Amino acid sequence: MSTPPGIGLVLLAAGASTRLGHPKQLLPFHGATLLRHMAEVALASPCRPVAVVLGYEAERMAREISDLEVAVIVEPGWNAGQGRSLSAGLGALLASHPSLSAVIVMLVDQPAVTSAHLAALVRLHQRGAHSIVTSAYDETYGVPALFGQEHFPTLLKLEGPHGARHVIRHASATIASVPLPGGDFDVDLAEDLARLYEPNSNFRR
(Lines give C-alpha, C1' and ligand atoms only; values in the text may rest on other atoms or scores of the structure.)
Protein backbone atom coordinates (compact mmCIF):
# COMPACT_ATOMS: atom_id res chain seq x y z
CA MET A 1 0.00 0.00 0.00
CA SER A 2 1.41 3.36 -0.97
CA THR A 3 2.00 5.86 1.81
CA PRO A 4 0.66 9.38 1.32
CA PRO A 5 3.10 11.96 2.63
CA GLY A 6 2.63 13.50 6.00
CA ILE A 7 -0.34 11.65 7.53
CA GLY A 8 0.51 10.28 10.96
CA LEU A 9 -1.51 8.20 13.42
CA VAL A 10 -1.86 8.31 17.20
CA LEU A 11 -3.13 5.16 18.91
CA LEU A 12 -4.37 5.93 22.43
CA ALA A 13 -3.72 3.03 24.82
CA ALA A 14 -2.89 4.67 28.15
CA GLY A 15 -5.91 3.89 30.34
CA ALA A 16 -6.14 1.63 33.38
CA SER A 17 -9.43 -0.08 32.40
CA THR A 18 -10.84 0.47 35.89
CA ARG A 19 -14.40 -0.50 34.91
CA LEU A 20 -13.23 -3.74 33.29
CA GLY A 21 -11.02 -4.63 36.26
CA HIS A 22 -7.91 -5.58 34.29
CA PRO A 23 -6.01 -4.01 31.39
CA LYS A 24 -8.05 -4.22 28.19
CA GLN A 25 -4.82 -3.68 26.24
CA LEU A 26 -3.67 -7.17 27.23
CA LEU A 27 -6.86 -9.04 26.38
CA PRO A 28 -6.12 -11.96 24.05
CA PHE A 29 -7.30 -11.15 20.54
CA HIS A 30 -6.53 -12.67 17.14
CA GLY A 31 -3.65 -14.68 18.51
CA ALA A 32 -2.03 -11.69 20.19
CA THR A 33 -3.19 -8.98 22.57
CA LEU A 34 -5.72 -6.29 21.75
CA LEU A 35 -2.94 -3.70 22.01
CA ARG A 36 -0.70 -5.49 19.53
CA HIS A 37 -3.58 -6.21 17.17
CA MET A 38 -4.63 -2.55 17.03
CA ALA A 39 -1.01 -1.43 16.56
CA GLU A 40 -0.71 -3.85 13.64
CA VAL A 41 -3.96 -2.50 12.16
CA ALA A 42 -2.47 0.99 12.37
CA LEU A 43 0.75 -0.16 10.69
CA ALA A 44 -1.18 -1.86 7.90
CA SER A 45 -2.83 1.48 7.08
CA PRO A 46 -1.33 4.17 4.81
CA CYS A 47 -0.36 6.28 7.84
CA ARG A 48 3.21 6.99 8.90
CA PRO A 49 4.55 7.60 11.43
CA VAL A 50 2.51 5.70 14.02
CA ALA A 51 2.69 6.62 17.71
CA VAL A 52 1.26 4.54 20.55
CA VAL A 53 0.57 6.45 23.76
CA LEU A 54 0.95 4.39 26.94
CA GLY A 55 0.43 5.25 30.58
CA TYR A 56 -0.85 2.59 32.97
CA GLU A 57 1.81 -0.13 33.43
CA ALA A 58 3.64 1.35 30.48
CA GLU A 59 6.66 -0.93 30.63
CA ARG A 60 4.47 -4.03 30.56
CA MET A 61 2.45 -2.68 27.66
CA ALA A 62 5.53 -1.61 25.72
CA ARG A 63 6.86 -5.17 25.71
CA GLU A 64 3.82 -6.22 23.68
CA ILE A 65 4.79 -3.97 20.78
CA SER A 66 8.57 -3.68 21.23
CA ASP A 67 9.31 -5.24 17.84
CA LEU A 68 6.86 -3.08 15.88
CA GLU A 69 7.81 0.06 13.98
CA VAL A 70 5.88 2.42 16.22
CA ALA A 71 6.97 5.30 18.41
CA VAL A 72 6.07 4.48 22.01
CA ILE A 73 5.09 7.60 23.96
CA VAL A 74 4.74 7.29 27.73
CA GLU A 75 2.55 10.02 29.19
CA PRO A 76 3.04 10.39 32.97
CA GLY A 77 -0.19 12.37 33.25
CA TRP A 78 -2.29 9.75 31.45
CA ASN A 79 -4.81 9.52 34.30
CA ALA A 80 -5.74 13.19 33.84
CA GLY A 81 -7.82 12.11 30.85
CA GLN A 82 -7.72 11.20 27.19
CA GLY A 83 -7.00 14.77 26.12
CA ARG A 84 -3.59 14.71 27.79
CA SER A 85 -2.62 11.48 26.04
CA LEU A 86 -3.79 12.75 22.65
CA SER A 87 -1.87 16.01 22.92
CA ALA A 88 1.24 14.12 24.09
CA GLY A 89 1.08 11.71 21.17
CA LEU A 90 0.57 14.41 18.57
CA GLY A 91 3.26 16.59 20.14
CA ALA A 92 5.77 13.74 19.94
CA LEU A 93 4.93 13.07 16.28
CA LEU A 94 5.30 16.73 15.36
CA ALA A 95 8.61 16.97 17.21
CA SER A 96 10.09 14.32 14.91
CA HIS A 97 7.94 15.01 11.82
CA PRO A 98 7.02 18.72 11.83
CA SER A 99 5.70 18.64 8.26
CA LEU A 100 2.75 16.34 8.99
CA SER A 101 -0.31 17.45 7.08
CA ALA A 102 -2.85 15.41 9.03
CA VAL A 103 -3.20 12.85 11.83
CA ILE A 104 -5.60 10.02 12.56
CA VAL A 105 -6.60 9.48 16.18
CA MET A 106 -7.77 5.98 17.15
CA LEU A 107 -8.45 4.02 20.34
CA VAL A 108 -7.10 0.68 21.47
CA ASP A 109 -10.51 -0.81 22.29
CA GLN A 110 -12.44 -0.52 19.01
CA PRO A 111 -12.02 -3.99 17.47
CA ALA A 112 -14.25 -3.11 14.50
CA VAL A 113 -11.53 -0.83 13.11
CA THR A 114 -9.57 -2.22 10.17
CA SER A 115 -6.68 -0.91 8.10
CA ALA A 116 -9.10 -0.62 5.17
CA HIS A 117 -11.28 1.73 7.20
CA LEU A 118 -8.29 3.88 8.10
CA ALA A 119 -7.31 3.98 4.42
CA ALA A 120 -10.84 5.11 3.56
CA LEU A 121 -10.52 8.05 5.95
CA VAL A 122 -7.28 9.05 4.22
CA ARG A 123 -8.77 8.75 0.73
CA LEU A 124 -11.78 10.90 1.58
CA HIS A 125 -9.53 13.55 3.09
CA GLN A 126 -7.31 13.59 0.01
CA ARG A 127 -10.24 13.76 -2.43
CA GLY A 128 -12.00 16.75 -0.93
CA ALA A 129 -11.72 19.90 1.10
CA HIS A 130 -12.56 18.17 4.38
CA SER A 131 -10.14 18.96 7.18
CA ILE A 132 -11.93 16.52 9.50
CA VAL A 133 -12.98 13.02 8.43
CA THR A 134 -14.67 10.94 11.11
CA SER A 135 -16.08 7.46 11.53
CA ALA A 136 -19.90 7.29 11.51
CA TYR A 137 -21.71 4.85 13.81
CA ASP A 138 -24.61 4.77 16.24
CA GLU A 139 -26.01 8.01 14.74
CA THR A 140 -22.91 9.97 15.72
CA TYR A 141 -19.43 10.93 14.53
CA GLY A 142 -16.41 9.64 16.38
CA VAL A 143 -12.99 8.06 16.21
CA PRO A 144 -11.03 6.91 14.37
CA ALA A 145 -10.98 10.42 12.98
CA LEU A 146 -8.59 12.30 10.74
CA PHE A 147 -7.68 15.92 11.52
CA GLY A 148 -5.90 18.25 9.12
CA GLN A 149 -3.01 20.35 10.35
CA GLU A 150 -5.21 23.40 10.92
CA HIS A 151 -6.63 21.52 13.91
CA PHE A 152 -3.25 20.66 15.44
CA PRO A 153 -3.15 23.72 17.76
CA THR A 154 -6.52 22.72 19.24
CA LEU A 155 -5.51 19.09 19.64
CA LEU A 156 -2.25 20.07 21.33
CA LYS A 157 -4.16 22.09 23.94
CA LEU A 158 -6.47 19.27 24.98
CA GLU A 159 -6.59 18.41 28.67
CA GLY A 160 -8.63 16.24 30.98
CA PRO A 161 -11.51 14.23 29.55
CA HIS A 162 -11.82 16.33 26.39
CA GLY A 163 -10.50 14.24 23.52
CA ALA A 164 -11.01 13.99 19.77
CA ARG A 165 -14.82 13.96 20.02
CA HIS A 166 -14.71 17.30 21.80
CA VAL A 167 -12.87 18.78 18.83
CA ILE A 168 -15.30 17.18 16.37
CA ARG A 169 -18.34 18.57 18.21
CA HIS A 170 -16.98 22.11 18.33
CA ALA A 171 -15.37 22.25 14.89
CA SER A 172 -16.56 24.90 12.46
CA ALA A 173 -15.04 22.97 9.56
CA THR A 174 -17.14 20.83 7.24
CA ILE A 175 -16.98 17.27 8.52
CA ALA A 176 -17.01 14.23 6.25
CA SER A 177 -17.50 10.68 7.50
CA VAL A 178 -16.98 7.04 6.60
CA PRO A 179 -19.42 4.42 7.96
CA LEU A 180 -17.91 2.04 10.51
CA PRO A 181 -20.25 -0.88 11.28
CA GLY A 182 -19.72 -1.93 14.89
CA GLY A 183 -17.81 1.24 15.69
CA ASP A 184 -20.01 1.91 18.70
CA PHE A 185 -18.66 -1.19 20.44
CA ASP A 186 -15.73 -0.79 22.78
CA VAL A 187 -14.41 -2.88 25.65
CA ASP A 188 -15.26 -1.21 28.93
CA LEU A 189 -17.20 -3.74 31.01
CA ALA A 190 -16.96 -7.45 31.77
CA GLU A 191 -20.14 -8.11 29.75
CA ASP A 192 -18.44 -6.65 26.68
CA LEU A 193 -16.10 -9.63 26.63
CA ALA A 194 -18.91 -12.00 25.68
CA ARG A 195 -19.52 -10.00 22.49
CA LEU A 196 -15.82 -9.64 21.79
CA TYR A 197 -15.27 -13.40 21.88
CA GLU A 198 -18.59 -14.51 20.38
CA PRO A 199 -17.76 -17.11 17.68
CA ASN A 200 -19.93 -15.45 15.03
CA SER A 201 -18.97 -11.91 15.94
CA ASN A 202 -17.69 -9.58 13.23
CA PHE A 203 -14.69 -9.01 15.48
CA ARG A 204 -13.57 -12.63 15.00
CA ARG A 205 -12.81 -12.13 11.31
Side-chain angles (χ1 to χ4, degrees), residues 1-100 102-119 121-122 143-147 155-156 158 163-164 186-188 192-193 196-197 203-205:
M1 181 180 294
S2 62
T3 302
I7 298 181
L9 186 147
V10 175
L11 172 60
L12 301 178
S17 312
T18 53
R19 286 185 290 171
L20 184 62
H22 47 92
K24 67 180 72 176
Q25 299 94 320
L26 301 181
L27 289 172
F29 193 68
H30 286 271
T33 60
L34 188 57
L35 171 60
R36 184 179 181 89
H37 171 77
M38 297 307 293
E40 290 176 341
V41 166
L43 287 171
S45 81
C47 300
R48 292 295 186 279
V50 173
V52 180
V53 183
L54 303 178
Y56 178 75
E57 295 194 11
E59 289 187 11
R60 182 182 177 192
M61 304 299 174
R63 287 196 292 271
E64 293 294 317
I65 53 175
S66 61
D67 60 326
L68 300 182
E69 293 184 15
V70 299
V72 173
I73 312 302
V74 178
E75 171 48 48
W78 62 270
N79 57 353
Q82 193 179 100
R84 177 73 65 83
S85 295
L86 199 167
S87 62
L90 177 58
L93 284 188
L94 291 175
S96 58
H97 297 79
S99 62
L100 285 180
V103 66
I104 287 180
V105 178
M106 63 181 286
L107 306 179
V108 74
D109 65 341
Q110 283 185 297
V113 175
T114 64
S115 58
H117 179 74
L118 299 175
L121 297 178
V122 171
V143 293
L146 180 150
F147 298 90
L155 294 171
L156 290 169
L158 289 174
D186 54 20
V187 185
D188 283 332
D192 295 330
L193 298 180
L196 181 67
Y197 295 129
F203 311 132
R204 304 308 298 164
R205 58 189 179 279

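Residue numbers count from 1 along this sequence. For clarity, every value in this text was computed on a predicted model and none was experimentally measured.
Closest heavy-atom contact between Leu93 and Pro49: CD2-CG, 3.6 Å. Nearest heavy atom pair, residue Leu100 against residue Gly8, reads CD2-N, 3.8 Å. Contact detail for Val108 and Ala13: the closest heavy-atom pair is CB-CB, 3.8 Å. Residue Val122 comes nearest to Ile104 through the heavy atom pair CG2-CD1, 3.9 Å, listed as atom of the first residue, atom of the second, then distance. Here the closest non-hydrogen pair linking Arg60 and Pro23 is NH1-CG, 4.3 Å.
Residue Leu35 holds its CG atom at 6.5 Å from CG of Leu11, rounded to the nearest 0.5 Å. In this structure, CD in Glu57 is found 7.5 Å from CG in Leu26, a value given to the nearest 0.5 Å. Taken from CE in Met61 to OG in Ser66, the straight-line distance is 14.0 Å, to the nearest 0.5 Å.
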* Asked: Do Val103 and Leu155 pass the side-chain contact (heavy atoms from CB on, under 4.5 Å) test, and can you show the C-alpha distance, the side-chain angles, and the key distance before you say yes or no?
  -> CA-CA 10 Å; Val103 66; Leu155 294 171; 4.2 Å; yes
* To do: Report the C-alpha separation of Val143 and Leu12 in whole Å, then their side-chain angles, then the decisive distance to 0.1 Å, and conclude whether the side-chain contact (heavy atoms from CB on, under 4.5 Å) test is met.
  => CA-CA 11 Å; Val143 293; Leu12 301 178; over 6 Å; no
* To do: Take Leu156 and Leu90 through the test side-chain contact (heavy atoms from CB on, under 4.5 Å) and record every step on the way to the result.
  => CA-CA 7 Å; Leu156 290 169; Leu90 177 58; 3.9 Å; yes
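Partners of Glu64 according to the salt bridge (Lys or Arg N to Asp or Glu O under 4.0 Å) rule, which considers only residues two or more places apart in sequence or in another chain, do not exist here. Checked against side-chain contact (heavy atoms from CB on, under 4.5 Å), Ala42 has the following partners two or more places apart in sequence or in another chain: Leu9, Val50, Met106. Legend: residues meeting side-chain contact (heavy atoms from CB on, under 4.5 Å) with Ala58, ordered by chain and number and at least two apart, are Leu54, Val74. With sequence neighbours left out, the side-chain hydrogen bond (donor to acceptor under 3.5 Å, both in side chains) criterion links Gln25 to no other residue. Residues satisfying the side-chain contact (heavy atoms from CB on, under 4.5 Å) criterion with Leu68, sequence neighbours excluded, are Arg36, Ala39, Glu40, Leu43, Ile65, Val70.
Screening residues 76-100 for side-chain hydrogen bond (donor to acceptor under 3.5 Å, both in side chains) gives Arg84-Glu159 as the qualifying pairs, with residues at least two apart or on separate chains. Among pairs with a residue in residues 107-117, those fulfilling salt bridge (Lys or Arg N to Asp or Glu O under 4.0 Å) read Lys24-Asp109, at least two apart in sequence or across chains.
Formation of a donor-acceptor pair under 3.5 Å by the Gln110 side chain with backbone atoms of Ala112 is not found in this model.
Note: Phe29 and His37 have perpendicular aromatic rings, judged against thresholds of 30 and 60 degrees for the angle between ring planes.
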